[in-house]
Amino acid sequence: MPVLAGAEPFRHEGGEAAVLLCHGFTGSPQSLRPWAEHLADQGLTVSLPLLPGHGTRWEDLRITGWQDWYAEVDRELRALCERREKVFVAGLSMGGALALRLAARHGDAVSGVVVVNPANKVHGLAAHALPVLRHLVPATKGIASDIAKPDSRELGYDRVPLHAAHSLRQFFRIVDGELPQVTQPVLLLRSPQDHVVPPADSARVLSRISSTDVKEVLLEQSYHVATLDHDADRIFEESSAFIGRLASGLREEPGLGKEGTTAGG
């Protein structure tokens with residue numbers, strides 16, 4: 001199937017500091033595209049891949065699983081590490097879980113982590129029924145476009161395939177067990193009003209990671225897809241400052257010089 005217009009991956013070759021962005025479950029790179037473009041404008045090398053099964057039709061997602069999604073971002077990270085001196089990982093929702101696992105498994109190869117409304121668990125009674133229900137019901141209603149901003153829309157599926165949801169539940173359990181291995185600096189941004197991922201998920205992440213350099217930012221005006229919402233600029237600015245501070249020892253890049261370092265400190 002052809003990729004939906006707007007769901008294409010994004011890549012930009014910039015300076016020695018690089019960022020790998022991971023989009024969410026049933027979403028696409030479109031939800032992170034403005035963030036990726038902002039980071040690219042700051043002089044960073046940016047990679048925003050399209051995860052397998054996403055960006056086409058929900059039936060394509062049904063035949064993929066967490067191993068496919070993680071393998072894609074793992075390959076992207078390894079490629080960036082071969083070319084760039086410092087590499088950061090970032091993500092929204094499930095993309096946040098992918099970023100955290102990359103940090104846990106790759107250690108010093110990852111210089112820092114930025115997560116927006118990171119997901120940690122499939123909630124509700126239906127989650128416990130997924131092992132059986134997925135064989136009886138192909139899909140349920142979608143979760144895309146939880147956005148407060150009236151004129152903003154996420155390009156995502158209107159259905160959630162239950163086979164993929166079951167795999168996602170397994171993935172969250174794996175990531176939760178690996179969170180203590182996350183020792184890198186972490187910037188976590190979350191929306192108190194989130195109709196997809198509850199605050200308990202961010203609290204769980206913060207309580208489990210071993211990082212000592214941790215900053216939590218509340219996105220008071222946004223819902224789940226905060227990267228397309230009222231607080232998008234706050235996300236862009238906070239992440240730029242965070243990366244600028246940690247990449248300050250590199251050769252100076254546009255947007256990541258002294259001014260960016262001061263803002264992040």
Side-chain angles (χ1 to χ4, degrees), residues 10-23 32 34-49 73-74 76-92 95-118 175 178-190 202 205-206 208-219 226-227 231-265:
F10 174 88
R11 289 178 179 82
H12 173 78
E13 292 297 325
E16 284 300 313
V19 185
L20 169 59
L21 294 171
C22 309
H23 69 75
L32 301 185
W35 190 10
E37 291 176 344
H38 171 85
L39 295 173
D41 288 344
Q42 298 299 302
L44 292 161
T45 292
V46 181
S47 176
L48 170 54
V73 295
D74 186 79
E76 290 286 334
L77 177 63
R78 292 175 187 274
L80 286 174
C81 288
E82 289 178 357
R83 309 195 316 270
R84 294 296 182 262
E85 189 174 337
K86 285 197 174 184
V87 181
F88 299 82
V89 293
L92 166 69
L98 289 168
L100 288 163
R101 186 167 202 245
L102 289 170
R105 294 180 65 85
H106 286 272
D108 292 342
V110 172
S111 297
V113 185
V114 182
V115 288
V116 179
N117 294 323
V175 175
E178 295 176 341
L179 285 177
Q181 299 174 41
V182 177
T183 60
Q184 299 91 338
V186 171
L187 171 63
L188 186 148
L189 307 101
R190 68 174 181 88
S202 287
V205 168
L206 291 174
R208 296 275 292 162
I209 59 175
S210 299
S211 308
T212 56
D213 182 347
V214 178
K215 182 178 181 180
E216 181 181 20
V217 175
L218 296 185
L219 307 171
T227 49
D231 292 296
D233 286 344
R234 179 81 185 278
I235 295 170
F236 304 163
E237 291 163 6
E238 290 280 357
S239 59
S240 293
F242 174 79
I243 293 168
R245 171 171 64 87
L246 296 171
S248 59
L250 297 178
R251 292 187 294 275
E252 188 168 311
E253 303 164 23
L256 290 176
K258 295 180 181 179
E259 183 179 347
T261 303
T262 302

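Given the structure is predicted, the values throughout are model-derived calculations rather than measurements.
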Atom [atom1] in [X], atom [atom2] in [Y]: separation rounded to 0.5 Å?
X      : Y      : atom1 : atom2 : result
Glu85  : Thr45  : CD    : OG1   : 11.5 Å
Ile235 : Leu92  : CD1   : CG    : 8.0 Å
Leu187 : Ile243 : CG    : CD1   : 8.5 Å
Arg105 : Glu178 : CZ    : CD    : 5.5 Å
Leu98  : Leu77  : CG    : CG    : 11.5 Å
Leu100 : Gln184 : CG    : CD    : 9.0 Å

Residue pair [X] / [Y]: nearest heavy atoms and the distance that separates them:
X      : Y      : answer
Leu44  : His12  : O-CD2, 3.1 Å
Val186 : Ser211 : CG2-OG, 3.5 Å
Ser47  : Arg11  : OG-NE, 4.0 Å
Leu246 : Lys86  : O-NZ, 2.6 Å
Ser202 : Pro118 : OG-CD, 3.5 Å
Leu32  : Cys22  : CD1-O, 3.3 Å

For this session: Return yes if some donor-acceptor pair links the side-chain N/O of Ser240 with the main-chain N/O of Glu237 below 3.5 Å, else return no.
Result: no
For this session: Can you run down the side-chain hydrogen bond (donor to acceptor under 3.5 Å, both in side chains) pairs that involve residues 106-115, sequence neighbours left out, and say none if there aren't any?
Result: Asp74-His106
For this session: Test side-chain contact (heavy atoms from CB on, under 4.5 Å) on Val114 and Trp35 and set out the steps.
Result: CA-CA 12 Å; Val114 182; Trp35 190 10; 3.8 Å; yes
Exercise. Does a side-chain heavy-atom distance below 4.5 Å link Val217 with Asp231?
Worked result: no
Problem set entry | Any Leu218 side-chain heavy atom under 4.5 Å of Arg190 side chain | yes
Exercise. Where does the angle between the aromatic ring planes of Phe236 and His38 fall among parallel (under 30°), tilted (30 to 60°) and perpendicular (over 60°)?
Worked result: parallel
For this session: Run the numbers on Val113 and Ile209 for side-chain contact (heavy atoms from CB on, under 4.5 Å), then give the verdict.
Result: CA-CA 11 Å; Val113 185; Ile209 59 175; over 6 Å; no
